[in-house]
K.L.:
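The following block contains the structure, expressed as structure tokens.
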Amino acid sequence: MTHTPVLPDGWTLVALDSVGSTNDEAAQLADGGASEGTVVWAREQQGGRGRRGRRWASPPGNLYSSTILRPDCPAPRAAELGFVAALAVGDLVPASRAIRLKWPNDVLVDGGKIAGILLESAIAQDGRVEHVVAGIGVNVAFAPQLAEMRYPGASLGGTVEAALEGLMRALATRLAQWRRDGFGVIREGWLAQAGPLGAEVDVRLGEGLVSGRFAGLDHEGALLLDTADGPRKIVSGELLGRAA
Ligand code: BTN
């Protein structure tokens, strides 16, 4: 039995059967003044987008959502919301399953990627964030073959409606925590579910690859790596498995 998902108080659902990308729909609504907590949800996407220009396979059965956020913070802090979103996805996963968060925004469950997060921000002329669209795709019914092939997929099970309700409840809670307690608490929560410090990792930077030992996150969410050439701070890239 399907039902209309119930969102947190004050949040608004825009439910669509099919769309190009929910992120594009949400960005348009945000440009038109839609408030924080406007959630665009589609049963399928014809042009689902992933990070680094990849496509996100989006047939019916999985969750495709984009939530408008208005964090009212300087542009560099917008990336903190990716960690907020990753924790919210983790909150959705039953405790019986093993969660591993992978920098910057991936959520692995039982070793497989269960969700993808694509944050897209609009920045005002004064350098503050106008809005952030937090695009979150969760594998509910099945795990599509991933373009990057480095990880197997994983899926949550249950219904898309239940996943959407649970995800938005968790996102609202984590956002409130971020606003109340700041990024430090989010960072601690994220690190507690990330790979162990000291684990050997590879990080993709554009076309290149850097290897080193995972040394945590700095106070802005940059990845800290101990490499053979000394410590490095990586602001933008993608951590690839091995141990973490
Ligand atoms: C990734 O590459 O891991 C991020 C994938 C993000 C996919 C979601 S699905 C809902 C939203 N709409 C999109 O086009 N992409 C995001």
Side-chain angles (χ1 to χ4, degrees), residues 5 7 13-30 34 37-69 78-79 81-90 92-93 99-109 111-122 131-156 160-161 163-168 170-171 190 194 203-206 223 236-241:
L7 297 191
L13 181 62
V14 179
L16 305 167
D17 283 331
S18 181
V19 76
S21 159
T22 54
N23 264 32
D24 295 341
E25 289 291 319
Q28 260 189 25
L29 291 174
T38 302
V39 179
V40 178
W41 165 48
R43 297 258 173 208
E44 67 176 336
Q45 299 183 113
Q46 306 296 340
R49 295 188 281 111
R51 295 179 64 237
R52 306 173 74 82
R54 287 190 290 250
R55 82 183 195 90
W56 187 258
S58 308
N62 288 337
L63 175 62
Y64 313 109
S65 69
S66 297
T67 305
I68 296 174
L69 306 176
L81 295 171
F83 299 90
V84 169
L87 282 176
V89 172
L92 191 63
V93 177
I99 301 181
R100 170 68 61 89
L101 302 182
K102 192 173 68 67
W103 188 85
N105 297 157
D106 280 341
V107 182
L108 307 186
V109 171
K113 178 162 164 162
I114 204 163
I117 296 170
L118 179 65
L119 287 192
E120 295 181 315
S121 309
H131 70 250
V132 173
V133 170
I136 308 179
V138 181
N139 297 339
V140 176
F142 53 85
Q145 191 66 38
L146 288 174
E148 69 250 50
M149 297 286 281
R150 259 191 102 118
Y151 296 100
S155 56
L156 187 65
V160 180
E161 288 84 354
L164 178 63
E165 274 187 16
L167 178 63
M168 293 310 148
L171 187 58
W190 189 91
V203 182
R204 186 184 288 145
L205 297 178
L223 175 70
S236 164
E238 187 170 41
L239 193 144
L240 306 171

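Atoms within a ligand are numbered from 1 in the order they appear, just like the ligands themselves.
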K.L.:
Run the numbers for me: atoms of ligand 1, each under 4.0 Å from some heavy atom of Arg49, listed by number.
P.N.:
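By the 4.0 Å cutoff, the relevant atoms are 5 (C), 6 (C), 7 (C), 13 (C), 14 (O), 15 (N), 16 (C).
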K.L.:
Check whether Arg49 reaches the backbone of Thr22 with its side chain - one donor and one acceptor, N or O, closer than 3.5 Å.
P.N.:
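No, Arg49 side chain to Thr22 backbone: no donor-acceptor pair under 3.5 Å.
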K.L.:
Output all residues satisfying salt bridge (charged side-chain N to carboxylate O under 4.0 Å, His left out) with Glu25, sequence neighbours left out; order by chain, then residue number.
P.N.:
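Salt bridge (charged side-chain N to carboxylate O under 4.0 Å, His left out) list for Glu25, sorted by chain: empty.
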K.L.:
Output the list of atoms in ligand 1 that are nearer than 4.0 Å to some heavy atom of Ser66, sorted by atom number.
P.N.:
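Those atoms are 11 (C).
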K.L.:
Got a list of side-chain donor-acceptor pairs under 3.5 Å for residues 13-21, not counting sequence neighbours?
P.N.:
from, atom 1, to, atom 2, distance (Å)
Ser18, OG, Gln46, NE2, 2.9
Ser21, OG, Asn23, N, 3.1

K.L.:
Taking only heavy atoms of Gly48, which atoms of ligand 1 are found under 4.0 Å from at least one of them?
P.N.:
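Close to Gly48: 14 (O).
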K.L.:
Which of the numbered atoms in ligand 1 are below 4.0 angstrom from a heavy atom of Ser21?
P.N.:
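So the atoms of ligand 1 that pass are 12 (N), 13 (C), 14 (O).
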K.L.:
Heavy-atom contacts with Ser65 under 4.0 Å: which atoms of ligand 1 show up? List them by number with element.
P.N.:
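Going through ligand 1 atom by atom, the ones under 4.0 Å from Ser65 are 10 (C), 11 (C).
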K.L.:
Test your reading of the model: is there a side-chain donor-acceptor pair from Ser65 to the backbone of Ile136, 3.5 Å cut-off?
P.N.:
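Yes, the answer is positive, given that a donor and an acceptor are paired below the 3.5 Å cut-off.
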K.L.:
Geometry only, no angles: is Trp56 polar-contacting ligand 1 at N/O separations under 3.5 Å?
P.N.:
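Looking only at distances, the answer is no, because the N/O contact criterion of under 3.5 Å is not met.
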K.L.:
Could you list which atoms of ligand 1 come closer than 4.0 Å to a heavy atom of Gly137?
P.N.:
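Answer, ordered by atom number: 8 (C), 9 (S).
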K.L.:
Of all the atoms in ligand 1, which lie at a distance below 4.0 Å from a heavy atom belonging to Arg51?
P.N.:
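The list of qualifying atoms is 1 (C), 2 (O), 4 (C).
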K.L.:
Has Lys102 got a side-chain atom pairing as donor or acceptor with Leu239's backbone, closer than 3.5 angstrom?
P.N.:
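Here the side-chain-to-backbone pair exists.
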K.L.:
Name the option, out of Thr22, Thr67, Asn105, that contains the heavy atom nearest to atom 11 (C) of ligand 1.
P.N.:
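The option holding the nearest heavy atom is Thr22.
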K.L.:
Where the side chain of Tyr64 meets the backbone of Pro59, is there a donor-acceptor pair that is under 3.5 Å apart?
P.N.:
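Present.
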K.L.:
Does ligand 1 have any atom that is closer than 4.0 Å to a heavy atom of Lys113?
P.N.:
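True for this residue.
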K.L.:
Main chain of Ala154, side chain of Asn139: is a donor-acceptor contact present, judged purely on distance under 3.5 Å?
P.N.:
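Pair found, side chain donor or acceptor close to backbone of Ala154.
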